[in-house]
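For this chain, numbers begin at 1 and follow the sequence in order.
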Amino acid sequence: MAYLQPRKQVRLKAFDYCEARFYHVVVCVGGGHAILSKIELEKKSVGAGHLGSPKIKYTSLGEIIEKNIRYTNENLKDRKIVEWVIMPNHIHLIIKIVHPDEIGSPGWSTPTSLPKVVSALKSFIHKEATYKFFQRNYYERIIRNEKELNETRQYIQNNPVNWLTDFYFISK
């Protein structure tokens with residue numbers, strides 16, 4: 001019988017993850033398999049030394065992920081996924097936990113928390129995909145201010161370019 005190793009604690013012990021704020025979350029595919037999307041260069045002529053613009057093509061799993069992100073944003077008021085990118089073997093998300101006063105629901109008895117949001121999103125994705133492919137845990141960073149939010153947005157938007165650049169130099 002196989003036993004799972006105890007999970008490494010990666011969350012801050014004294015932090016309230018129900019706090020209304022932005023969080024940068026990275027969820028990885030188990031084994032690092034590139035099964036969510038493919039990143040290619042757009043078909044156009046580019047100058048010397050330029051890779052061109054990346055184009056992300058989702059696999060069926062990537063389409064399921066995007067569908068669930070859009071569903072979350074359209075139907076759930078206590079959380080918003082304000083930025084995301086679906087990479088070949090991981091996804092980046094900026095998740096905003098919304099304060100009950102912002103949506104006209106003061107006095108929730110059980111406010112949502114970042115772990116609940118990530119768990120629910122992964123659960124819905126896995127249910128639709130009919131199998132689990134994400135790692136058990138995820139990486140998260142508490143976004144502390146507007147500057148860090150903007151830097152994180154820029155990082156997420158540039159991730160496909162960085163993927164291509166890393167791949168280009170590694171494969172040479």
Side-chain angles (χ1 to χ4, degrees), residues 7 10-11 15-40 42 53-105 108 110-146 148-164 166-167:
R7 289 185 186 190
V10 294
R11 310 286 164 253
F15 187 78
D16 179 8
Y17 284 93
C18 295
E19 190 174 311
R21 64 180 323 132
F22 294 96
Y23 302 87
H24 178 198
V25 174
V26 180
V27 183
C28 298
V29 172
H33 301 288
I35 58 174
L36 307 179
S37 68
K38 186 174 182 179
I39 301 176
E40 301 172 340
E42 285 186 300
S53 299
K55 175 91 171 133
I56 299 176
K57 292 186 176 184
Y58 296 147
T59 64
S60 58
L61 292 176
E63 290 173 356
I64 290 170
I65 293 167
E66 184 181 42
K67 176 181 159 194
N68 279 276
I69 289 171
R70 291 191 187 284
Y71 177 86
T72 297
N73 285 341
E74 292 167 5
N75 297 290
L76 303 174
K77 296 181 184 329
D78 59 349
R79 68 202 77 170
K80 291 293 173 206
I81 301 173
V82 298
E83 191 82 42
W84 74 87
V85 66
I86 302 168
M87 300 297 291
N89 63 1
H90 64 283
I91 58 175
H92 286 275
L93 309 160
I94 296 178
I95 298 173
K96 180 183 181 187
I97 302 293
V98 181
H99 191 277
D101 291 342
E102 287 183 57
I103 56 175
S105 300
W108 276 340
T110 54
T112 195
S113 68
L114 184 65
K116 286 180 185 176
V117 169
V118 175
S119 177
L121 183 62
K122 286 170 62 174
S123 177
F124 288 126
I125 290 167
H126 285 153
K127 184 175 182 178
E128 190 170 341
T130 68
Y131 65 98
K132 293 181 179 183
F133 53 88
F134 283 128
Q135 291 179 351
R136 285 191 304 169
N137 223 335
Y138 60 92
Y139 302 96
E140 132 279 298
R141 176 161 175 78
I142 302 159
I143 297 177
R144 291 168 173 80
N145 55 46
E146 193 74 26
E148 195 172 322
L149 176 61
N150 292 331
E151 289 170 351
T152 305
R153 282 179 190 248
Q154 194 67 41
Y155 175 80
I156 289 173
Q157 291 166 3
N158 290 334
N159 215 256
V161 174
N162 294 337
W163 177 276
L164 282 175
D166 291 346
F167 178 76

Hey, can you pull the donor-acceptor pairs under 3.5 Å for the side chains in residues 30-37, sequence neighbours left out?
residue, atom, partner, partner atom, Å
Ser37, OG, Ile86, O, 3.0
Ser37, OG, Met87, O, 3.3

How long is the gap from OH on Tyr58 to CD on Glu63, to the nearest 0.5 Å?
9.0 Å
A side-chain contact here means heavy atoms from C-beta on lying under 4.5 Å apart; do Glu19 and Ile97 qualify?
no
What's the separation between atom NE2 in His92 and atom CD in Glu83, rounded to the nearest 0.5 Å?
11.5 Å
Given 3.5 Å as the limit, does a donor-acceptor pair link the side chain of Lys77 with the main chain of Val98, or not?
no
Got Arg79 and Lys116 here, is their nearest side-chain heavy-atom distance under 4.5 Å?
no
Side chain to side chain donor-acceptor pair (under 3.5 Å) with Gln135: which residues, sequence neighbours excluded?
none
Is any side-chain heavy atom of Phe134 closer than 4.5 Å to a side-chain heavy atom of Ile65?
yes
Spatial distance of atom CG (Leu164) from atom CD1 (Ile39) [nearest 0.5 Å]
6.0 Å
Which label fits His90 and Trp163: parallel for a plane angle under 30°, tilted from 30 to 60°, or perpendicular past 60°?
tilted
Measure from the side-chain N and O atoms of Asn158 to the backbone N and O of Val161, and report whether any donor-acceptor pair falls under 3.5 Å.
no
Just do the side chain to side chain contact (heavy atoms under 4.5 Å, CB included) check on Gln154 and Thr152 with the steps written out, would you?
CA-CA 5 Å; Gln154 194 67 41; Thr152 305; over 6 Å; no
Looking at Ser123 and Ser119, would you say the former's side chain and the latter's main chain have a donor-acceptor pair under 3.5 Å?
no
Considering all heavy atoms of both residues, which atom of Pro160 and which atom of Val85 are nearest to each other, and what is their separation?
CG-CG2, 3.8 Å
Minimal heavy-atom distance between Tyr138 and Val118, with the atoms involved, is CD2-CG1, 3.5 Å
Nearest heavy-atom pair of Asn73 and Lys80: which atoms, and what distance?
O-NZ, 2.6 Å
Reported CD1-to-CG distance for the pair Ile156 and Leu93, which is rounded to 0.5 angstrom:
7.0 Å
Looking only at heavy atoms, the pair that brings Pro115 and Tyr17 closest together is CD-CB, 3.8 Å
Are Tyr139 and His24 an aromatic pair by the rule of ring centers under 6.0 Å?
no
Grab the two heavy atoms, one from Ile143 and one from Arg21, that are nearest each other, plus how far apart they are.
O-NH2, 3.3 Å
Heavy-atom side-chain contact between Val27 and Lys122 under 4.5 Å
yes
Spacing of CD1 belonging to Ile95 relative to CG belonging to Leu121, to within rounding of 0.5 Å:
7.0 Å
Any chance you could lay out the salt bridge (charged side-chain N to carboxylate O under 4.0 Å, His left out) test for Glu66 and Arg70, step after step, and finish with the verdict?
CA-CA 6 Å; Glu66 184 181 42; Arg70 291 191 187 284; 2.9 Å; yes
With a 4.5 Å cut-off on side-chain heavy atoms, are Val117 and Asp78 touching?
no
On a heavy-atom basis, the closest approach of Arg153 and Val82 is NH2-CG2, 4.0 Å
Residue pair Leu114 / Val25, side-chain heavy-atom distance below 4.5 Å:
yes
Mind checking what makes ring pair (Phe, Tyr, Trp, His ring centres under 6.0 Å) contact with Phe133, not counting sequence neighbours?
His126, Tyr131
Measuring from Ile56:CD1 to Lys38:NZ, what's the distance to the nearest 0.5 Å?
13.5 Å
